[in-house]
There are 2 protein chains.
Amino acid sequence: MINTFSIQARFGAHIKKLRLQSGLSQEAFADKCGLDRTYISGIERGVRNPTLQVISVLAGGLEVKISMLFDFK
Amino acid sequence: MINTFSIQARFGAHIKKLRLQSGLSQEAFADKCGLDRTYISGIERGVRNPTLQVISVLAGGLEVKISMLFDFK
DNA sequence: GTGTGACTACCAGTCCGTG
DNA sequence: ACACGGACTGGTAGTCACA
């Protein structure tokens, strides 16, 4: 697959930024998304590789379009 | 997690559209991405739930920004 | 050139906990 | 409120033969 490494790290950092802008804690955000709190933590730290469905859910939880989650790069 | 519906189908359709606009066959596209042809097929048909890393590779193969892969919706 | 079912190894995602 | 760990289950990555 040979990847494009820090995509997870950059994605996670961006998610964190958007979450903080929404004034949500990781826990509140996780609840809103219906995901596990530790999983959100992992995503933001760049150690998780979320699927399309999860990315979609994250966008929903942040109340933004998916494309906005990729407004870095 | 409760599924946010046909996000996969819509994503796949959009990938297909972008691929055709690039004049690539599934095979050529798969080669360019370093992925299997049948895997691309699955994504375009909406039966696969690709991860962030795969999505990143797809964007690279199409030579577009990731956010452009979500320009639907 | 593409759709599809089946397959194994590995990871996505959950749940328990700690500091 | 968050980082980080271990253990677990189901789903995804990646590939094949065949239509």
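Per chain, numbering begins at 1; letters A, B, ... match sequence-line order. Values below: every heavy atom of this structure, side chains too, minus hydrogens, waters and symmetry copies.
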**OP:** Please report, rounded to the nearest Å, how far the C1' atom of C:dT14 is from the CD1 atom of A:Ile43.
**Re:** 13 Å
Subject >> Whole-Å gap separating P (D:dT15) and CG (B:Leu35) >> reply: 8 Å
**OP:** Please state how far atom CZ in B:Arg48 lies from atom P in C:dA12, giving the value in whole angstrom units.
**Re:** 15 Å
Strictly under 3.5 Å: I want the nitrogen or oxygen pairs between protein and nucleotides 16-19 of chain D, one per line.
unit_1, atom_1, unit_2, atom_2, d
D:dC16, N4, B:Thr38, OG1, 3.0

If you look only at distance, which donor and acceptor atoms sit under 3.5 Å apart when one is on a side chain in residues 27-34 of chain A and the other is two or more places apart or in another chain?
unit_1, atom_1, unit_2, atom_2, d
A:Lys32, NZ, A:Gly61, O, 3.3
A:Lys32, NZ, A:Glu63, OE2, 2.8

**OP:** List in chain and number order the residues that pass side-chain contact (heavy atoms from CB on, under 4.5 Å) with A:Ser41, two or more places apart in sequence or in another chain; answer none if no residue qualifies.
**Re:** A:Gln26, A:Arg45
Original post:
To the nearest 0.5 Å, what is the distance between CZ (A:Phe70) and NZ (A:Lys65)?
Top reply: 15.0 Å
Subject >> A:Thr38: partners by side-chain hydrogen bond (donor to acceptor under 3.5 Å, both in side chains), with sequence neighbours left out >> reply: A:Asp36
**OP:** Measure from CG on B:Asp31 to P on C:dT2 and round the result to the nearest Å.
**Re:** 12 Å
**OP:** Mind checking the OG-CD1 spacing from B:Ser56 to B:Ile66? Nearest 0.5 Å is all I need.
**Re:** 4.5 Å
Original post:
Can you say whether the rings of A:His14 and A:Phe72 are parallel (under 30°), tilted (30 to 60°) or perpendicular (over 60°)?
Top reply: tilted
Original post:
For A:Ile55 and B:Ile7, what are the C-alpha separation, side-chain angles and deciding distance, and is it a side chain to side chain contact (heavy atoms under 4.5 Å, CB included)?
Top reply: CA-CA 10 Å; A:Ile55 291 168; B:Ile7 178 66; over 6 Å; no
Original post:
Tell me: CD1 of A:Ile40 to P of C:dC15, nearest whole Å?
Top reply: 13 Å
Original post:
Where do B:Ile40 and B:Leu58 land on the side chain to side chain contact (heavy atoms under 4.5 Å, CB included) test, with the steps shown first?
Top reply: CA-CA 9 Å; B:Ile40 298 290; B:Leu58 292 175; 3.9 Å; yes
**OP:** Run the numbers on B:Ile15 and B:Leu62 for side chain to side chain contact (heavy atoms under 4.5 Å, CB included), then give the verdict.
**Re:** CA-CA 9 Å; B:Ile15 288 288; B:Leu62 289 168; 4.2 Å; yes
Original post:
What is the distance from CD of A:Gln53 to C1' of C:dA12, rounded to the nearest Å?
Top reply: 12 Å
Original post:
Under 4.0 Å between a side-chain N/O of A:Ser41 and OP1 or OP2 of D:dC4, yes or no?
Top reply: no
Original post:
Residues two or more places apart in sequence or in another chain: which of them pass salt bridge (Lys or Arg N to Asp or Glu O under 4.0 Å) with B:Arg19?
Top reply: B:Glu44
Original post:
Quick one: B:Glu44 CD to C:dT2 P, roughly how many Å, whole number?
Top reply: 8 Å
**OP:** Figure out the CG/P separation between B:Asn49 and D:dA13, and round it to whole Å.
**Re:** 7 Å
**OP:** Would you sort out whether B:Arg48 and B:Tyr39 count as a side chain to side chain contact (heavy atoms under 4.5 Å, CB included), showing the intermediate values?
**Re:** CA-CA 8 Å; B:Arg48 294 282 191 161; B:Tyr39 186 55; 3.7 Å; yes
Subject >> DNA chain C contacts made by residues 15-28 of chain A, counting heavy atoms under 4.0 Å >> reply: none
**OP:** Give the stems involving DNA chain C, where a stem is 3 or more consecutive Watson-Crick or G-U wobble pairs (i with j, i+1 with j-1, and so on) under 3.5 Å.
**Re:** C:2-19 with D:2-19
